[in-house]
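Naming convention: chains lettered A, B, ... in sequence-line order (proteins, then strands); numbering from 1 in each chain.
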Protein chains: 2
Amino acid sequence: MAKLAFRAQVLRAREAAIVAAAKHLLAAKGFDAMTVDEVAAEAGIAKASLYKHFDSKEAVAAAAMTRVVDTLLAALDELAAQASPDTPPLERLKAAMRWALQLNQAGELPALPAPNSSLLAALAAHAGYCERLAAANERVGAWVGAAQASGELNPELPAQALLWTLAACACGPLPGLLRRGGTHSDEQIAEFLLATCFDGLTKR
Amino acid sequence: MAKLAFRAQVLRAREAAIVAAAKHLLAAKGFDAMTVDEVAAEAGIAKASLYKHFDSKEAVAAAAMTRVVDTLLAALDELAAQASPDTPPLERLKAAMRWALQLNQAGELPALPAPNSSLLAALAAHAGYCERLAAANERVGAWVGAAQASGELNPELPAQALLWTLAACACGPLPGLLRRGGTHSDEQIAEFLLATCFDGLTKR
DNA sequence: GTCTATACCCGGATAGAC
DNA sequence: GTCTATCCGGGTATAGAC
């Protein structure tokens, strides 16, 4: 009995290793350039063994993307717990952006799946992923709505579009590009992106 | 003699067809998902014939990207010609952005090559592309500098970072995403993106 | 369930006739 | 230079022994 539980735990640990490797490679190279051989090698198992745990490359990637959203949800929880109850929603949004930008700069944040990617279809068909993504959308969307109601964010702009703008800014290639430029620290880059995203390029 | 010139013209026309097909597919599917077979089929020739004109898939894509930058330069010329001499630089930048956003919404603007793409290396090695890209960078950069000097754009932000931000906004996936949302017209979307990019998400 | 070895397919690139 | 037919590497997925 204990032995069976132990073996089940080992299996879960192996699956976790696979997902972690996929998450890493997904962020580093993207879905197309990532190969199943690489994932298996980084997880320390043979490719055929990987296919005992997941049906396809898409399924592995979907599991990894699901875990990415999970870490986002956890980060949102932590931010909400740390903030005092009267922290303005705009500050919460900025804190979430900082968290995502740090991940992006560290090369640990996969890019948004391209509109035509084969990955996108797999994600749309993955119930767990859709579920968690909807949860994250709702959570951040609530802050956006509150910030618009309080007049911090422009209330004339459609909320969903604001959300996508934030996501595109956080997950986009700019942090990496500016980092490659090499003339600024990561903190400077993050503050620049926050400033341009929330306050715009024109002088205030 | 005339016959030789004619045949040379036919060859150039074929090359133009190849490049046009590549440009289209590059914008529609991206470099990785685009296959040489598709390019040849859309150009109306056999794949082997394509390889008489270009050495590799990367070379085809580089030629297509070069032509994209060429059309940008031409558009900048036209905008400069149309504008009155005292048009403020910020207006010129916004007009250029509108032009790029329209192209993006029409699905005719290839995305920026990913940092790890094999395309990026080919582009960096392609003298013609680098040349034209530098020219475009200089032209738009001059407007950015002027707008910062006049106080229209925030002078505290590094100019090159501003430029990349503009490029990322114009070439990013947001126009397509919002278009898929379906609740707004292309003009509304373009104005929304211009507003958020230049004026930010917060209320002014 | 894990491995080695392999089937199978797709896509980039080429051979050789015309 | 253009075509048809082919090669060949690499990548997903599977077979079969253990």
Side-chain angles (χ1 to χ4, degrees), chain A residues 3-19 21-22 25-26 28-64 113 116-123 125-126, chain B residues 3-19 21-22 24-26 28-65 113 116-123 125-126:
Chain A
K3 199 169 185 180
L4 284 179
F6 173 73
R7 287 187 58 159
Q9 214 166 352
V10 168
L11 285 196
R12 272 208 304 273
R14 243 187 249 288
E15 279 203 13
I18 295 171
V19 171
L25 289 166
L26 219 46
K29 318 180 59 171
F31 178 72
D32 289 331
M34 169 184 93
T35 71
V36 178
D37 296 76
E38 288 171 330
V39 177
E42 192 168 320
I45 62 171
K47 181 167 51 170
S49 305
L50 186 150
Y51 276 98
K52 294 285 184 182
H53 293 272
F54 296 95
D55 286 342
S56 66
K57 179 184 177 183
E58 279 79 9
V60 177
N116 303 323
S117 170
S118 66
L119 176 58
L120 193 60
L123 291 177
H126 193 279
Chain B
K3 199 167 183 181
L4 285 178
F6 172 74
R7 288 190 53 163
Q9 216 166 349
V10 168
L11 285 196
R12 271 208 304 272
R14 242 187 248 288
E15 280 204 12
I18 296 171
V19 171
H24 171 220
L25 289 165
L26 218 44
K29 318 179 55 170
F31 178 72
D32 289 330
M34 170 185 92
T35 71
V36 177
D37 296 74
E38 288 171 329
V39 177
E42 191 167 319
I45 62 172
K47 182 165 58 170
S49 306
L50 185 151
Y51 276 99
K52 295 285 183 181
H53 293 271
F54 297 95
D55 287 341
S56 66
K57 179 185 178 183
E58 279 79 10
V60 177
M65 292 296 287
N116 302 325
S117 169
S118 65
L119 177 58
L120 193 61
L123 291 177
H126 193 279

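- Across the interface with DNA chain D, nearest-nucleotide mapping of A/D55 and A/A33 shows A/A33 to be the residue nearer the 5′ end.
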Shorter than 3.5 Å, N or O on both sides, protein versus nucleotides 2-4 of chain C: list them out with atom names.
{"from": "C/dT2", "atom 1": "OP1", "to": "A/R14", "atom 2": "NE", "distance (Å)": "2.4"}
{"from": "C/dT2", "atom 1": "OP2", "to": "A/H53", "atom 2": "NE2", "distance (Å)": "3.0"}
{"from": "C/dC3", "atom 1": "OP2", "to": "A/A46", "atom 2": "N", "distance (Å)": "2.7"}
{"from": "C/dC3", "atom 1": "OP2", "to": "A/S49", "atom 2": "OG", "distance (Å)": "2.7"}

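- Whole-Å rounding puts the A/F31 CZ to D/dT12 P distance at 8 Å.
- Between the side chain of A/K29 and the main chain of A/T35, no donor-acceptor pair closer than 3.5 Å is present.
- With rounding to whole Å, B/Q9 atom CD is found 14 Å from D/dG1 atom P.
- A/I18 and A/V60 get closest at one heavy-atom pair: CG2-CG1, 4.1 Å.
- Shortest non-hydrogen contact noted between A/K57 and A/F31 is NZ-O, 2.9 Å.
- Between A/Y51 and D/dT14, a side-chain N or O to OP1/OP2 separation shorter than 4.0 Å is absent.
- Rounding to whole angstrom units, CZ of residue A/F6 and C1' of C/dG1 are separated by 15 Å.
- The CG atom of A/D37 sits 16 Å away from the P atom of C/dT6 (whole-angstrom rounding).
- Looking at B/D32, its side chain never comes within 3.5 Å of a backbone N or O of A/A33 through a donor-acceptor pair.
- Nearest heavy-atom pair, A/D55 versus A/A59, reported as atom, atom and distance to 0.1 Å: N-CB, 4.2 Å.
- The minimum heavy-atom distance linking A/L123 with A/P113 is given by the pair CD1-CG, 3.8 Å.
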